[in-house]
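First the structure, which I've put down as structure tokens, then a few questions once you've had a look.
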Amino acid sequence: MPHQVPRLLAVFAVAVIGLVVARGLLVPETFGDRGHYRAAAVDSISAREQRYAGHHECALCHSDVAETRLDGNHRNVSCEVCHEPAARHVAAPMDVKPVVAQNRGLCVLCHAYNPSRPTGFPQIDSVMHNPRVPCMRCHQPHAPETPVPPTSCSACHGQIASQLTVSHHAALPCSTCHEAPDEHRMNPRAVRPTKPTARAFCGTCHAGGLAGIPQIDLRNHGEPYVCWQCHYPHYPEAR
Amino acid sequence: MADSADQSGHPPSPSGSVDRREFLNDILGVCCAGAPLLLGIVRLPAQGTSRAYDPSEHLYGMGLDPQKCIGCARCVVACKAENDVPQEPHYFNTWIERYIIREDGEVEVDSPNGGIDGFGRIENPAQVRRTFFVPKLCNHCDSPPCVQVCPVGATFITEDGVILVDEEYCIGCRYCIQACPYGARYMHPERHVAGKCTFCYHRVVKGKVPACVEVCPTGARIFGELTNRATPLARFRRFNDLQVLKPHLNTRPKMYYANLDAEVS
């Protein structure tokens, strides 16, 4: 065996041993147990303290309030939204008491008018709406009453209503052309009113030979389209 | 015995209970099996760490519905309380953005203090075409750029799909903050490590929902399993048109936005 070989082997042995020792010193314990990270970090993150107990915990003792809440419009509003984090209260119910929110400032966080909020979400102008009166004097926060649903279409569709009043269709009630289920007033986006889908529907007046009403021949006028795809019925252009 | 027989050239003793070839094969096998273990490449599973929570059985995601978000920022407040996020502005695990799209197509996005102090009046309201709120947080990507760039392995994706930061191991180099295309990370001013949404991992492993989901009063956030069909999140994913943020980056986010406006990124 040439004498270089044992030397080379010795050099390799030192390198390998050095690598193993360095790896043992530098790579932290539990690194690589479950992936390219310290498995112990997951355990320490999992052991962090909880601040929010969750509404299921609240309901274990406050079952009466929990039941009231389930019936009202705040059924999806968790207790700790208004009563602050309560994990410590759950751990020591007698020693730590959560805050009972009373002031006007809290309710307007959600219910002050903001144009970016979704249409239909109950909102007030907190300056004009019974100033200085605590909200809870009129509204029961655990089961607030359903806001009175709008009775007329113009409550929400004001722009259409004002155009309609100066148009030739002013005398027609909305129900002439739209069928609005009651649910539409509560849930305006999910349940939508109907629109005329057949040309013959407009034709009952505009192709029926009624005097004083613009007439067309449905057979050769705008064939592939439903009338309102070209004409705006709330403010028809023909005069 | 086998060695001496080999060197002297004598045939192996027939009376020996172990055949030489068999013995050498056994030695080779033991060496091959033991070498990776000695080099630390393979580790045996740690003994006595049987846990009730098995992360490999879970995969978490979230559904967000901007059409339900009222911009009350209770989620931001709850997140800061639950996770000890610094109270000062610019440190957020989750935050609310207000989008204002003008009649001329101009898009304005703001998030004053994450939305905690409310949103100011919209200037020139007659010129607004549409406006809405969008909740934002870490997207817990399936292919996370932040994890890829971490030089020490301090940020990682768990088996249940959550991106976490090992605060004891993070060197505070800020690579991940630069790499995140969603701006979901920040440098913690006191601990000097990267801070981010943990999906409230400490709550999730105990079967609870993240704090932001717990307090959302309108149900704009839905947390759940992505694998299991019978969850509110599965229902949400079945019944909504979904979009993720910046899909062209191929980060494969696990935050699913319902009916998202094209202007949101």
Side-chain angles (χ1 to χ4, degrees), chain A residues 16 19-20 23-24 26-57 73-82 84-85 87 105-112 114-123 189-190, chain B residues 38-41 43 45-46 49 51 53 55-56 66-74 78 81-84 98-100 118-119 122 125 128 131-133 147 150 153-159 162 164-169 198 200-206 208-209 211 214-219:
Chain A
V16 168
L19 185 78
V20 170
R23 199 179 184 282
L26 293 174
V27 175
E29 222 177 309
T30 75
F31 195 99
D33 282 6
R34 280 182 246 167
H36 189 69
Y37 57 93
R38 240 168 33 95
V42 178
D43 297 334
S44 66
I45 291 171
S46 304
R48 282 180 189 169
E49 190 196 348
Q50 265 187 56
R51 305 281 157 78
Y52 282 81
H55 62 277
H56 296 294
E57 301 277 339
N73 278 319
H74 277 177
R75 56 187 168 275
N76 291 329
V77 183
S78 179
C79 315
E80 290 159 299
V81 178
C82 309
E84 79 177 18
L106 189 78
C107 305
V108 298
L109 287 172
C110 294
H111 291 293
N114 187 321
S116 305
R117 293 203 159 130
T119 314
F121 186 79
Q123 296 163 66
R189 285 179 184 229
Chain B
L38 287 170
L39 289 169
I41 297 162
R43 282 167 202 246
T49 51
R51 57 196 75 231
Y53 178 82
S56 62
Q67 286 187 355
K68 284 187 179 169
C69 180
I70 56 170
C72 63
R74 295 305 89 197
E82 182 74 29
N83 295 296
D84 289 324
R98 173 174 69 178
Y99 276 73
I100 302 167
F119 292 83
I122 297 179
V128 175
T131 167
F132 50 89
F133 295 110
V147 171
C150 181
T155 188
F156 54 93
I157 181 162
T158 61
E159 287 163 275
V162 181
L164 295 176
V165 175
D166 181 350
E167 294 195 345
E168 287 165 46
Y169 201 40
T198 64
C200 284
Y201 200 72
H202 58 296
R203 299 174 61 84
V204 168
V205 294
K206 296 179 187 95
K208 298 200 167 176
V209 296
E214 171 69 30
V215 300
C216 180
T218 61

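Remember, predicted model here, so these are calculated numbers, not experimental data. Letters go in sequence order (proteins before strands), and every chain restarts at 1.
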### Task
With a 4.5 Å cut-off on heavy-atom pairs, point out which of B:Phe119, B:Tyr99, B:Phe132 contacts chain A the most.
B:Phe132
### Summary
Of the listed B:Gly219, B:Ala81, B:Ala211, the one with the largest count of heavy-atom pairs under 4.5 Å with chain A is B:Ala81
### Task
Heavy atoms only, distances under 4.5 angstrom: which of A:Pro85, A:Ala87, A:Pro115 has the most pairs with chain B? Name it, please.
A:Pro115
### Message
So for A:Phe121, is it side chain, backbone, both, or neither that comes closer than 4.5 Å to the heavy atoms of chain B?
### Response
side chain
### Query
Tell me, side chain or backbone of A:Glu49 under 4.5 Å from chain B's heavy atoms, or both, or neither?
backbone
### Message
Quick check: do A:Val42 and B:Phe156 have side-chain heavy atoms less than 4.5 Å from each other?
### Response
yes
#### Entry: Largest heavy-atom contact set with chain B, pairs under 4.5 Å, which of A:Ala47, A:Gly54, A:Cys110, A:Ser46
A:Ser46
### Query
What is the distance from atom CZ of A:Arg117 to atom SG of B:Cys72, rounded to the nearest 0.5 Å?
7.0 Å
### Message
At a 4.5 Å cut-off on heavy atoms, which part of B:Val165 comes close to chain A: side chain, backbone, both, or neither?
### Response
backbone
### Query
Quick one: what part of B:Tyr169 sits under 4.5 Å from any heavy atom of chain A, side chain, backbone, both or neither?
side chain
### Query
Would you say the side-chain atoms of A:Arg38 pair up with the backbone N or O of B:Glu168, donor to acceptor, closer than 3.5 Å?
no
### Query
Would A:His55 and B:Glu214 count as having a side-chain donor-acceptor pair, cut-off 3.5 Å?
yes
### Nearest-0.5 Å distance, CG of residue B:Asp84 to CZ of residue A:Arg48
8.5 Å
### Query
What part of A:Asn114 lies closer than 4.5 angstrom to a heavy atom of chain B: side chain, backbone, both or neither?
side chain
## Note on the structure
Bottom line for A:Arg75: the part with an atom under 4.5 Å from chain B's heavy atoms is neither
### Message
For A:Ile45 versus B:His202, what's the shortest heavy-atom pair and its separation?
### Response
O-CB, 3.3 Å
### Query
What part of B:Ile157 lies closer than 4.5 angstrom to a heavy atom of chain A: side chain, backbone, both or neither?
backbone
### Task
Return the option, out of B:Ile70, B:Val204, B:Thr218, with the maximum number of heavy-atom pairs under 4.5 Å with chain A.
B:Ile70
### Query
Is the shortest side-chain N to carboxylate O distance from B:Lys206 to A:Glu57 below 4.0 Å?
no
### Task
Please examine the side chains of A:Arg34 and B:Thr158, heavy atoms only from C-beta on, and report whether any two atoms are closer than 4.5 Å.
no
### Query
Non-hydrogen atoms of chain A under 4.5 Å away: do they reach the side chain of B:Cys200, the backbone, both or neither?
neither
### Task
Select one option (side chain, backbone, both, neither) describing which atoms of B:Cys150 are under 4.5 Å from chain A's heavy atoms.
neither
